[in-house]
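This report concerns only the one structure given below.
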Amino acid sequence: GVPVSVASLVSVVPACGVEQEQGFGLALHGLALKAGLDSVVNLGNALVDMYGKFCQVEASMQVFEVMPERNEVSWNSAIGCFLNSGLYGDVLAMFREMSERGVMPGSITLSSLLPALVELGYFDLGREVHGYSIKRAIDSDIFVANSLVDMYAKLGSLEKACTVFEKIEVPNVVSWNAMIANLVQNGAETEAFRLVIKMQKDGEQPNSITLVNVLPACSRMSSLKTGKQIHAWSIRTGLIFDLFISNALIDMYAKCGQLSLAQNIFDLSEKDDVSYNALLLGYSQSPWSFESLNLFKEIRSAGIEYDAISFMGALTACTNLCAFKQGKEIHGVLVRRLQSNHPFLANSLLGLYTKGGMLDTATKIFNRITEKDVASWNTMIMGYGMHGQIDVAFHLFDLMKDDGVDYDHVSYIAVLSACSHGGLVEKGKEYFSQMRAQNLEPQQMHYACMVDLLGRTGQLTESVELIQDMPFHANSDVWGALLGACRIHGNIEVAQYAAEHLFELKPEHSGYYTLLINMYAEAGRWNEANKIRKLMKSRKVQKNPAYSWVQSGNKLQAFLVGNG
DNA sequence: TGTGGTTTCC
C-alpha cells in the first residue's frame with residue numbers, strides 16, 4: 001500500500017473531526033500506531049483534537065497522556081475537548097496544570113477557558129484572566145475580546161462588557177452577537193435592536209445567531225411585526241433552514257399567541273426535541289391547551305424522549321384544562337422516566353395538584369422540595385387561597401417571610417386573591433399598601449385583584465374609581481375582573497363600560513361578547529343582545545375555547561367556554 | 001487548537 005506519512009495524517013485527521021467521520025478517524029489512528037508515528041507531537045495534537053470533537057473524552061485523554069512531548073497546542077486541544085463535552089471543571093484543571101508545568105497559556109487557551117468560567121460562574125477568576133490577557137497583550141485578539149465581552153455580560157455587568165466591546169477596533173459578527181444576546185437576556189430589547197441596525201451600518205450582516213438572539217426579544221416586546229420581518233428575512237436569506245432559527249420562530253409565534261403560524265413553521269421544518277417542546281409549551285399556555293396533550297403523545301411516536309421541559313408543558317396543559325386525572329398519569333410517567341428532581345417540574349406538579357384541590361398531595365410534594373423557590377411558595381399560597389383555606393394561605397405567606405425567601409409581586413397576587421376569595425376588603429387594602437412600602441409597585445394583576453375584591457363585595461363604584469386612578473392603562477385582566485363583578489351583581493351599565501374596553505383590547509376574545517350577551521338576555525334586553533351578536537359576527541370572532549373568569553359558587557375559577 | 005445560538009414553573 002501507500003506509505004503513511006506524518007504530513008498526510010496530520011492533514012486528514014482534522015477533517016475527520018469536522019466531518020464527524022468517527023470510523024475513518026479511528027482507522028487513521030490505527031495506521032499511525034502501526035507506523036509508529038504516534039509519538040510525533042503534531043499528529044498527537046490532531047488526534048487529541050479529533051477525539052475531542054467526537055466527545056470521546058477518554059480516547060482523547062489516552063492519546064494526550066502517552067504523548068512523550070507536548071506543546072501549547074496539545075494543552076489547548078485537551079482543553080477544547082473538555083469544553084466540547086461540557087466538563088468545565090476539567091477545563092479549569094487543565095488550564096492550571098499547563099500553567100504549573102510552565103506552558104504559557106495563549107490567546108487560544110483563553111478563548112476556550114473563558115466560556116468554561118462563564119458556565120462555572122467564576123467571575124473573579126474571569127477578571128484575573130482579563131488582567132493576564134492585558135499583561136500578555138493578547139486582550140486585543142478578537143477571540144479573546146469576544147469571550148471577555150460574553151464573560152462580563154453573563155457574570156459581571158453589561159457595562160464592563162460594553163467597555164471591552166468598545167475597545168475592539170473592528171468588531172466581527174461574533175462580537176456583535178455576543179453584545180446583542182446579552183442585551184436581550186438583560187431585558188434591554190430596544191438597545192439590542194439598535195445594535196442590529198448599527199452592526200449593518202458598520203458592514204456586518206446579521207447571521208442566523210443574530211436572529212436567534214433577537215427573536216425572543218420580539219415576543220417579550222409582543223412585537224409580532226418585528227418577528228414577522230425576521231421571519232421574512234430568514235426566508236429571503238435561506239436561514240429558515242437553520243434548525244435554531246425555525247425553533248426560535250416557533251417559540252416567537254407561540255409566545256405572541258399566533259399558534260397557527262407556529263404550527264405552520266413546525267410542519268414545514270426539520271424538527272428536534274426543542275421544536276416539539278417550543279410548540280408544546282406554546283399550546284399549553286394558550287387557549288388550545290388540549291393541543292399540547294396531542295403533541296405530547298406525538299413526541300414519543302416521533303422517537304424523541306421526553307425531557308423536563310416536555311413534562312412541564314404537558315403538566316401546565318393539564319392544569320389549564322383541569323384535566324387532573326391525565327395530569328396524575330403524566331406525573332406517573334415522569335417518575336418512571338426522569339431521574340433527577342427538577343425544581344421547576346416540582347412547581348408544575350404543585351400547580352396541578354393545588355388547582356385540582358388535592359392540597360394534601362401538593363403539600364407533600366412541597367415539603368419534599370429541598371430548595372423551595374419563591375414560585376413554590378407562591379403556588380401553595382395561591383392554591384390554598386383558591387380553595388377557600390385562606391387562613392392557611394396567609395399563614396404560608398408569613399412562613400415564607402420568616403424563611404427569608406425573597407418574595408415578589410406574585411406573592412402579593414397570591415395573598416390579594418386569597419383576600420378576594422374571602423371577601424376581606426380591609427385586609428386586601430392592607431396588603432396593597434404594604435407591597436408599595438416594600439418597593440414593589442402594583443402591576444396589572446394586583447389592580448385586577450383589587451377590582452375583583454371591591455367588585456365582588458358590591459363596591460363597583462370604588463372599583464371603577466380605582467381603575468381610573470391607575471398610573472397606567474388597565475389591561476384586559478383588570479377590565480375582565482370588573483366585568484366579572486358586574487355579572488355577579490347584574491350591573492349592566494358598568495358591564496357595558498368594561499366590555500367596551502375589553503372589545504378594544506381583546507377583540508378576538510369570544511368570552512367577553514358571550515358574557516355580555518348572556519347578561520342582556522337575562523335582563524330580557526334582546527335587542528342589545530342581538531347587537532353584540534352582530535358585532536361578533538362582523539368582527540369574525542370565532543368561538544374559540546377560551547378561558548374566562550366567572551363566578552362559580554363562592555370561587556373564582558377558570559372554566560372552558562365554547563366547544564374545547 | 002479558539003469566541004456568539006433555540007425550549008424552563010406562579
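Just so we're on the same page: letters track the sequence lines, and every chain starts at 1. Computation of the quantities below employed the complete heavy-atom set of this structure, encompassing side-chain atoms and omitting hydrogens, waters and symmetry-equivalent molecules. All values reported here derive from a predicted model rather than from experimental measurement.
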- In whole angstroms, the gap separating P of dT3(B) from NE2 of H130(A) amounts to 19 Å
- S348(A) has a side chain; which of dC9(B), dG4(B), dC10(B) sits nearest to it? dC9(B)
- Which of these, D272(A), N247(A), D307(A), sits in a side chain to side chain donor-acceptor pair (under 3.5 Å) with N277(A)? D307(A)
- Message: Looking only at the side chain of T379(A) (C-beta and beyond, no hydrogens), which of the listed nucleotides dC10(B), dT3(B), dG5(B) gets closest?
- Response: dC10(B)
- Item | Option from N213(A), N182(A), N207(A) for which side chain to side chain donor-acceptor pair (under 3.5 Å) with N177(A) holds | N207(A)
- Task: Pick base, sugar-phosphate or nothing for I381(A), based on heavy-atom distances below 4.0 Å to the nucleic acid.
- Result: nothing
- Message: Are more than 12 heavy atoms, taken from residues, nucleotides or ligands other than Q205(A), located less than 6.0 Å from that residue's CD atom?
- Response: yes
- When rounded to whole Å, the CD1 to P distance for the pair I250(A) and dT7(B) reads 12 Å
- Query: Which part of the nucleic acid does D307(A) contact within heavy-atom distance under 4.0 Å: base, sugar-phosphate only, or nothing?
  - Reply: nothing
- Message: Is it the case that the side chain of Q444(A) and the backbone of D477(A) share a donor-acceptor pair, with hydrogens and angles ignored and the cut-off at 3.5 Å?
- Response: no
- Nearest to the side chain of V173(A), which nucleotide is it out of dG4(B), dC10(B), dT1(B)? dG4(B)
- So, does R337(A) use its side chain to make a donor-acceptor pair with the main chain of E305(A) at under 3.5 Å? no
- Item | Any K271(A) side-chain N or O less than 4.0 Å from OP1/OP2 of dT6(B) | no
- Base dG2(B) paired with S112(A) side chain (donor-acceptor, <3.5 Å): no
- Query: Taking atom C1' of dC9(B) as reference, at what distance in whole Å does atom OH of Y407(A) sit?
  - Reply: 22 Å
- Message: Looking at the base of dG5(B), is there any donor atom on it, or on the side chain of N207(A), that sits under 3.5 Å from an acceptor on the other one?
- Response: no
- Item | Closest to side chain of N247(A), choosing from dT6(B), dG2(B), dT1(B) | dT6(B)
- Would you classify S107(A) as touching base, sugar-phosphate or nothing, given that sugar-phosphate means primed atoms plus P, OP1 and OP2, and contacts are heavy atoms under 4.0 Å? base
- Task: Name the closest nucleotide to the D373(A) side chain, picking from dG2(B), dT3(B), dC9(B).
- Result: dC9(B)
- Query: To the nearest angstrom, how far is M179(A) atom CE from dG5(B) atom P?
  - Reply: 13 Å
- Message: Using whole Å, what does the distance between atom P of nucleotide dG4(B) and atom CE of M199(A) come to?
- Response: 16 Å
- Message: Within the 4.0 Å heavy-atom criterion, would you say N45(A) contacts the bases, only the backbone, or no part of the nucleic acid?
- Response: nothing
- Message: Taking only side-chain N and O atoms of Q185(A), does any of them lie within less than 4.0 angstrom of OP1 or OP2 on dT6(B)?
- Response: yes
- Query: Quick one: D242(A) CG to dT7(B) C1', roughly how many Å, whole number?
  - Reply: 15 Å
- Query: Tell me: OH of Y276(A) to P of dT6(B), nearest whole Å?
  - Reply: 21 Å
- Message: Of the listed nucleotides (dT3(B), dG2(B), dT6(B)), which one gets closest to any side-chain atom of V174(A)?
- Response: dT3(B)
- Remember a base hit wins even if backbone is also touched, and classify N182(A) as base, sugar-phosphate or nothing at under 4.0 Å, heavy atoms. nothing
- Is the cationic atom of K372(A) (NZ for Lys, CZ for Arg) positioned less than 6.0 Å from the six-membered ring centroid of F366(A) and within 45 degrees of its normal? yes
- Candidate nucleotides dG5(B), dT3(B), dT1(B), ranked by approach to the side chain of S111(A) - the nearest: dT3(B)
- Message: From NE2 of H446(A) over to C1' of dC10(B), roughly how many Å is that when rounded to an integer?
- Response: 11 Å
- Residue N277(A), side-chain heavy atoms: nucleotide from dG2(B), dT7(B), dC9(B) that is nearest: dT7(B)
- Message: Any base atoms under 4.0 Å from S411(A), or only sugar-phosphate, or nothing? Heavy atoms, all strands.
- Response: nothing
- Which of the following nucleotides, dG4(B), dT6(B), dC10(B), is nearest to the side chain of P115(A)? dG4(B)
- Query: In terms of side-chain geometry, is the basic nitrogen of K255(A) or D251(A) positioned less than 4.0 Å from the acidic oxygen of its partner?
  - Reply: yes
- When you get a sec, tell me which of dG5(B), dG2(B), dT7(B) is the closest nucleotide to the side chain of L281(A)? dT7(B)
